[in-house]
Amino acid sequence: MATSTQPAPSAGTIRRHVVWNASIVALGGLLFGYDTGVISGALLFIGKDFTGMSSTEKELLTSILLIGAVIGALFAGRVADRIGRRPTVLVTAAIFVVGVLLAAFSPSYGVLLVARVVIGVAVGSSSMVVPLYIGETAPPRIRGALVSFNQLAITSGILVSYLVDYGLASSQNWRLMFGLATIPAALLFVGMLFQRESPHWLIAQGREDEARAVLVRIRDSSDIDAEITEVREMSSRTSSARELLDPKIRHALTIGIALAIFQQITGINTIIYYAPTLLSNAGFGDSAALLANVVNGGVNVAMTIVAILLLDRVGRRPLLLTGTSGMAVGMVVLALTFLVGGSNLHGAYAYVAIAGLLIYTGSFAIGLGPVFWLLISEIYPIKIRGQAMSVATIANWGANFVVTVSFLTLLGALGDAGTFFLFAVLTLVALVYFYRQVPETKNRTLPEIEHDLGLPHGAMSDTDHPAKA
Ligand code: BGC
C-alpha cells in the first residue's frame, strides 16, 4: 500500500498517470463508437450469406443493438455501485469479446441477432461506466477533458468503423468488420486488470486506506485529505436508491434525463447512421456519399478534440449553448437546401447540404456530444451515482432507439425539408432548456457540485443561471 513514506509523485507524473488511465478505460468508448458505426457498411454484405433477408430484418439488426444497450445501462449502474467500477468495466469488456466473436462467427441470422443484443448490452454498460470511472478518478481541474476522452473515443470508433467498412468493401468480409472489435475489447480487459478501483467508490464503501493508496498516485498530496473528508461526508448523507425520488435529487435527475433525450431527439444519429443513405438519395454517387460521410466523421473527431481543449477553460455551459445553437443553424441550412433545391440536389446545393451537415455535426461535437456524458458523471451524489447515471443512460439509448426506428418513416411523411425543420425546432427547444436549467460544473469538485445541487433552491440556480440571476 502506498503511504506518506513514499516520495510524492510530481505534477507531471500525476498528469501522465491519469491521462494513461483515462485512455485505457476510454477503449470502452471506442467499442461503443465502432460497434454502433460498423453495421452501416456490414449490412451491405450480410445479405449475401444469409439470403432472403428483408429490409425489415436489416433494420432490426441495426436497431436491436440499442435495445441491448438499454438493458446494459439498466444493470450496469446497480452493478457498479455494488461490486465497484473496475470489476464492472472488466465484465463489460468480457461481454464485448463474447458478443463480437459470436457476431463474427454467427452461422445464421438468428445468432447474429443475438450477438448484436449481447454487443448492445456491453455498449450500454460501457457508455455509463466509462464516464463514471473517469469522472471519479480525474482531478477536478482537468475532469472535463479526461471524461470527454470517452466521447473522443466514441467518435474515433465511429470513424474507424467507416474506414474499416470502406477498406473491406471489396472483399465483402462483413465477419472481419465485426471481428476486428475483438482487439480493443481484449485490450480493454487486459488494460483494466492493471487499473485501480475508483477512489470515490472505495471511500463510499468505508475503505479509506485503499482509497488513499489510489489517491496518492493521482492527486497532489495536499488535496487528498480534503477530498476523502468531502466524499465521506457526502456518502453518509445519502443512503439508498429510494433517494432517487428525493425532490433535491429529482432536480439533478431531471436535468440528466432531459440532456439524454435532447441529445438524441435533435437528430445526431439520423446523421451518424443514415448520412450515406440520405446523400445517395439526394443524388450523390455512392462513393461521393461515402466520402462525405468519412469527412463528416473526421469533423466529429476534430471538433471533439477542440471541446476537450476548451471544456475546463471556458466551461461546460458556454460550449453547450454555442454548440446547440450551431446545431440548429446546421439543421436549418439542411432544411432550406432541400426546400429550395428539391429532393435531388445538384451543383451548389449539394455543397451547401454538405456544409449544413458539417456545421451540424461539428456543433454537436463541441457541445451536446461530450457535455451530456460529462455532466451526468458530475451532477449525482456519490451514493447513488451509478444508478442515477443508469437512468440518464437508459433515457439516452431509449430515445436513440425511438428516433432511429422512426426516422425513415418520418422522412416519408414529412419529406427531407420537413424532417430537418422538425429537428431544428427541437434543437431550439433544447437550447432554451439548457440555458435555463443546466448548471456550470467547471473547476468544482464532485462533492461541491453535489452540495450546490442539493441546496433548497440550488446555489447554482441563483449565481450561474443568467435567466434567474
Ligand atoms: C452519442 C451517440 C452518438 C455519438 C456521435 C454520442 O455522444 O451518445 O448517440 O452516436 O455521440 O458522435
Side-chain angles (χ1 to χ4, degrees), residues 30-72 94-126 157-186 269-281 285-287 289-290 293-294 297 397 400-409 411-412:
L30 188 88
L31 285 153
F32 163 172
Y34 187 88
D35 286 317
T36 50
V38 74
I39 188 75
S40 59
L43 265 188
L44 302 176
F45 311 115
I46 295 170
K48 300 217 160 61
D49 279 10
F50 306 142
T51 40
M53 252 174 85
S54 66
S55 56
T56 315
E57 284 173 327
K58 286 185 181 174
E59 268 173 25
L60 186 63
L61 203 54
T62 307
S63 50
I64 202 148
L65 177 137
L66 305 175
I67 300 287
V70 170
I71 300 170
I95 300 176
F96 264 125
V97 173
V98 172
V100 165
L101 289 177
L102 197 61
F105 293 105
S106 52
S108 65
Y109 174 77
V111 174
L112 188 54
L113 217 49
V114 173
R116 291 281 293 169
V117 178
V118 175
I119 296 173
V121 169
V123 167
S125 165
S126 145
I158 293 172
L159 183 61
V160 170
S161 78
Y162 290 165
L163 293 170
V164 166
D165 283 357
Y166 188 67
L168 291 176
S170 57
S171 67
Q172 308 199 345
N173 195 342
W174 62 268
R175 291 180 188 278
L176 188 56
M177 293 176 185
F178 284 125
L180 280 175
T182 329
I183 300 171
N269 287 315
T270 63
I271 304 295
I272 298 288
Y273 303 164
Y274 293 113
T277 314
L278 280 172
L279 293 172
S280 71
N281 287 351
D286 278 355
S287 65
L290 279 178
N293 199 35
V294 170
W397 288 107
N400 188 346
F401 179 75
V402 171
V403 174
T404 304
V405 294
S406 55
F407 177 60
L408 294 178
T409 316
L411 269 183

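It should be emphasised that the depicted structure is a prediction, and the values quoted were computed from it without experimental measurement.
Val123 is listed as a side-chain neighbour of Trp397, based on a closest heavy-atom distance under 4.5 Å.
Summarising the geometry of Tyr162 relative to Ser40, their closest heavy-atom pair is CE2-OG, 4.2 Å, with the distance given to 0.1 Å. Scanning all heavy atoms of the two residues, the minimum distance from Leu31 to Pro184 falls at CD2-CG, 3.9 Å. Nearest approach of Ala122 to Ile95, heavy atoms of both residues: CB-CG2, 3.9 Å. Gly33 approaches Ser161 most closely through the heavy-atom pair O-OG, 4.5 Å.
Interatomic distance, Leu168 CG to Phe45 CZ, rounded to the nearest 0.5 Å: 9.0 Å. Taking OH from Tyr274 and CG from Asn293, the interatomic distance works out to 13.5 Å, rounded to the nearest 0.5 Å. Interatomic distance, Ile271 CD1 to Leu278 CG, rounded to the nearest 0.5 Å: 6.0 Å. Note that the CG atom of Leu44 and the CD1 atom of Ile39 stand 10.0 Å from one another [nearest 0.5 Å]. To the nearest 0.5 angstrom, Ile71 atom CD1 is 11.5 Å from Leu66 atom CG. Rounded to the nearest 0.5 angstrom, Asn400 CG and Ile67 CD1 are separated by 10.5 Å.
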Before giving the answer on side-chain contact (heavy atoms from CB on, under 4.5 Å), spell out for Phe178 and Ile46 the whole-Å C-alpha distance, their side-chain angles and the decisive distance to 0.1 Å.
-> CA-CA 11 Å; Phe178 284 125; Ile46 295 170; 4.0 Å; yes
After noting the C-alpha distance and the side-chain angles of Asn269 and Phe407, does the key distance pass the side-chain contact (heavy atoms from CB on, under 4.5 Å) rule?
-> CA-CA 10 Å; Asn269 287 315; Phe407 177 60; over 6 Å; no
Decide side-chain contact (heavy atoms from CB on, under 4.5 Å) for Ser63 and Phe401; before the verdict, give the C-alpha distance in whole Å, the side-chain angles of both, and the deciding distance to 0.1 Å.
-> CA-CA 7 Å; Ser63 50; Phe401 179 75; 3.8 Å; yes
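Shown are Val405, Leu43, Leu408; of these, the side chain to side chain contact (heavy atoms under 4.5 Å, CB included) with Glu59 is made only by Leu408.
By the neighbour-count criterion of 12 heavy atoms within 6.0 Å, atom CZ of Phe50 is densely surrounded, having more than that number from other residues, nucleotides or ligands.
The closest donor-acceptor contact from the side chain of Thr36 to the backbone of Phe32 lies under 3.5 Å.
Applying the side-chain hydrogen bond (donor to acceptor under 3.5 Å, both in side chains) test to residues at least two apart or on different chains, the pairs with a partner in residues 43-54 are Asp49-Trp174.
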Hey, can you pull the donor-acceptor pairs under 3.5 Å for the side chains in residues 96-116, sequence neighbours left out?
from: Ser106; atom 1: OG; to: Ala103; atom 2: O; distance (Å): 3.0
from: Ser108; atom 1: OG; to: Val111; atom 2: N; distance (Å): 3.3
from: Tyr109; atom 1: OH; to: Glu57; atom 2: O; distance (Å): 2.7
from: Arg116; atom 1: NE; to: Leu61; atom 2: O; distance (Å): 3.0
from: Arg116; atom 1: NH1; to: Asp35; atom 2: O; distance (Å): 3.3
from: Arg116; atom 1: NH2; to: Thr62; atom 2: O; distance (Å): 3.3

